Amino acid sequence: MNFRIFTLNDQYCIIHYPEKPNGFGVLVIGGEEQYVDKQSSNWLSNNARQKILQSFLDDGYTVYYTNFNYRHMGNKQSVEQVASLYEFIKRTEILNERVHVIAEGIGTLIAMDLLKNKREMIRSIVFINPIFSIQWMISIVKDQPFLYKKTIKDLSSAYDISEESCEKNIKNLKVTSFTITYPFVIIHILEHGIQDALWTQLYKKYFSKYNENIYVILPEKRSRIAYYAKNLFMQAEAQL
């Protein structure tokens with residue numbers, strides 16, 4: 001597998017090159033599991049992820065992403081890092097300027113910011129076990145004391161505010177409806193126990209008109225991610 005690791009804003013980044021490029025890029029925006037170091041990444045070290053990555057490369061997609069060395073929670077620094085990576089790749093690689101995005105977990109918080117403020121860069125989005133907002137996250141963990149406290153701590157660290165202020169602000173937040181005008185799919189992997197039921201309830205409540213865009217799969221069917229994603233990519237590429 002041909003790839004290049006480099007640093008941008010003091011963070012390791014990686015770009016994977018296909019043997020026969022099709023001219024389209026895939027920007028991966030992950031959550032706490034995403035990392036890039038000087039030798040590898042979570043998409044190289046994990047066998048299931050590597051197979052999905054290879055499937056994209058086999059079809060000619062150039063895949064790239066950045067390291068996150070903390071649970072970023074979609075904060076300003078993480079959004080700026082992803083936007084900087086996109087601009088860097090746009091300047092240095094021969095790719096269509098509108099990219100496909102794969103947003104996983106809290107990486108969705110970054111993707112939603114890009115949808116709002118950098119709409120012109122996005123061609124399509126694949127959401128994997130997405131956290132669409134801070135409110136969405138809290139609604140999933142609020143009845144699980146340990147996870148709730150950890151989430152408050154992570155938010156406090158990511159946004160540099162006290163845990164008390166963080167918790168106070170969160171109490172005034174509510175999950176709101178979402179309108180996504182770009183081609184997208186939601187892929188939910190059933191691997192979070194009781195949280196999966198809460199997640200699917202949120203999909204039904206806030207994405208009821210997009211039922212055909214939502215796929216719920218078992219962990220052993222994770223390879224289907226590549227199938228659903230590439231189908232979406234091809235549809236979105238019909239208009240350059």
Side-chain angles (χ1 to χ4, degrees), residues 5-16 25-38 40-46 49 53 62-92 97-141 147 150-163 165-167 169-170 173 175-176 178 180 182 184 186-187:
I5 295 174
F6 57 96
T7 56
L8 180 68
N9 301 327
D10 297 322
Q11 292 287 350
Y12 285 111
C13 302
I14 188 169
I15 181 168
H16 301 271
V26 177
L27 169 60
V28 180
I29 310 174
E32 58 268 31
E33 293 184 356
Q34 181 160 307
Y35 77 87
V36 181
D37 59 28
K38 60 183 179 181
S40 188
S41 76
N42 63 313
W43 284 87
L44 288 173
S45 61
N46 180 281
R49 288 181 182 272
L53 171 62
T62 301
V63 182
Y64 59 96
Y65 45 96
T66 183
N67 178 66
F68 295 115
N69 58 4
Y70 61 100
R71 201 162 188 234
H72 57 74
M73 294 300 198
N75 63 8
K76 180 180 178 181
Q77 295 94 320
S78 64
V79 173
E80 290 177 348
Q81 174 66 10
V82 171
S84 294
L85 176 60
Y86 164 77
E87 294 295 339
F88 177 81
I89 296 299
K90 186 172 73 170
R91 293 194 306 270
T92 58
E97 291 189 2
R98 294 177 60 211
V99 297
H100 300 294
V101 173
I102 295 178
E104 183 175 7
I106 59 174
T108 304
L109 297 171
I110 299 174
M112 296 303 284
D113 187 285
L114 297 177
L115 272 174
K116 181 179 179 181
N117 297 307
K118 289 188 173 292
R119 299 171 59 86
E120 71 282 354
M121 67 176 273
I122 297 173
R123 179 172 296 276
S124 72
I125 307 183
V126 177
F127 297 108
I128 303 173
N129 288 26
I131 298 292
F132 284 101
S133 65
I134 299 299
Q135 303 97 306
W136 185 289
M137 183 189 312
I138 294 299
S139 67
I140 292 174
V141 303
L147 288 176
K150 183 179 184 305
T151 299
I152 294 298
K153 185 176 182 179
D154 289 339
L155 285 167
S156 171
S157 176
Y159 288 90
D160 196 24
I161 59 175
S162 70
E163 292 182 26
S165 296
C166 183
E167 195 162 12
N169 292 334
I170 282 172
L173 298 176
V175 179
T176 57
F178 301 91
I180 301 174
Y182 287 81
F184 78 95
I186 295 172
I187 303 172

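These numbers come from the heavy atoms of this one structure, side chains and all, not from hydrogens, waters or symmetry mates. Given the structure is predicted, the values throughout are model-derived calculations rather than measurements.
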Next on the checklist: So, using ring pair (Phe, Tyr, Trp, His ring centres under 6.0 Å) as the criterion, who are the partners of Y64 when residues are at least two apart?
Outcome noted: none
Next on the checklist: Can you tell me how far apart OG1 (T151) and CD1 (I134) are? Round to the nearest 0.5 Å.
Outcome noted: 9.0 Å
Checklist outcome for this item: Here the gap from S41 atom OG to N46 atom CG, rounded to the nearest 0.5 Å, amounts to 9.5 Å
Checklist entry - For K90, what residues pass the salt bridge (charged side-chain N to carboxylate O under 4.0 Å, His left out) criterion, not counting sequence neighbours? => result E87
Next on the checklist: Quick check: closest heavy atoms across S45 and S40, and the distance to 0.1 Å?
Outcome noted: N-OG, 4.0 Å
Item to check | Check: H72 side chain, V79 main-chain N or O, donor-acceptor pair, under 3.5 Å | outcome: no
Item to check | Partners passing salt bridge (charged side-chain N to carboxylate O under 4.0 Å, His left out) against K150 (at least two apart in sequence or in another chain) | outcome: D154
Item to check | Least distance between heavy atoms, T66 atom then C13 atom | outcome: OG1-SG, 3.4 Å
Checklist entry - Taking the side chain from Y86 and the backbone from E97, do they hold a donor-acceptor pair closer than 3.5 Å? => result yes
Checklist entry - Which atom names give the shortest non-hydrogen contact between Q34 and I29, and what distance separates them? => result OE1-C, 3.7 Å
Next on the checklist: Please check: side-chain N/O of N9 versus main-chain N/O of Q81, any donor-acceptor pairing under 3.5 Å?
Outcome noted: no
Item to check | Heavy-atom pair with the smallest gap, counting every atom of G31 and I106 | outcome: CA-CG1, 3.5 Å
Checklist entry - Who pairs with E32 by salt bridge (charged side-chain N to carboxylate O under 4.0 Å, His left out), at least two apart in sequence or on another chain? => result R71
Next on the checklist: Could you check whether any side-chain N or O of S157 sits under 3.5 Å from a backbone N or O of K153, counting only pairs where one atom can act as donor and the other as acceptor?
Outcome noted: no
Checklist outcome for this item: Correct closest heavy-atom pair for T108 and I131 would be CB-O, 3.3 Å
Next on the checklist: So if I apply the side-chain contact (heavy atoms from CB on, under 4.5 Å) rule between F6 and each of I14, V36, T92, L85, which one comes out positive?
Outcome noted: L85
Item to check | Residues that E167 engages under salt bridge (charged side-chain N to carboxylate O under 4.0 Å, His left out), provided they are two or more places apart | outcome: none
Item to check | Interatomic spacing from NZ in K76 to OH in Y159 - rounded to 0.5 Å | outcome: 12.0 Å
Checklist entry - Counting N and O atoms only, with roles assigned by atom type, does the side chain of Y182 sit under 3.5 Å from a partner on the main chain of L115, one being a donor and the other an acceptor? => result no
Next on the checklist: Pair H16, Y65 - check ring pair (Phe, Tyr, Trp, His ring centres under 6.0 Å), show working.
Outcome noted: CA-CA 9 Å; H16 301 271; Y65 45 96; 5.5 Å; yes
Item to check | Other residues, nucleotides, ligands: >12 heavy atoms within 6.0 Å of N117 CG | outcome: yes
Next on the checklist: Would D113 and V82 count as a side-chain contact (heavy atoms from CB on, under 4.5 Å) here? Give the steps.
Outcome noted: CA-CA 11 Å; D113 187 285; V82 171; over 6 Å; no
Checklist entry - Considering residues at least two apart in sequence or located in another chain, which fulfil the ring pair (Phe, Tyr, Trp, His ring centres under 6.0 Å) criterion with Y35? => result none
Next on the checklist: I'd like to know if the side chain of S133 reaches the main chain of W136, judged simply by a donor and an acceptor atom lying under 3.5 Å from each other, with no hydrogens or angles considered.
Outcome noted: yes
Checklist entry - Side chain of S156, backbone of I161: donor and acceptor closer than 3.5 Å? => result yes
Next on the checklist: Tell me the closest heavy-atom pair linking N42 and R49, and the distance in Å.
Outcome noted: O-CD, 3.4 Å
Item to check | Euclidean distance, I15 CD1 relative to I89 CD1, rounded to 0.5 Å | outcome: 4.0 Å
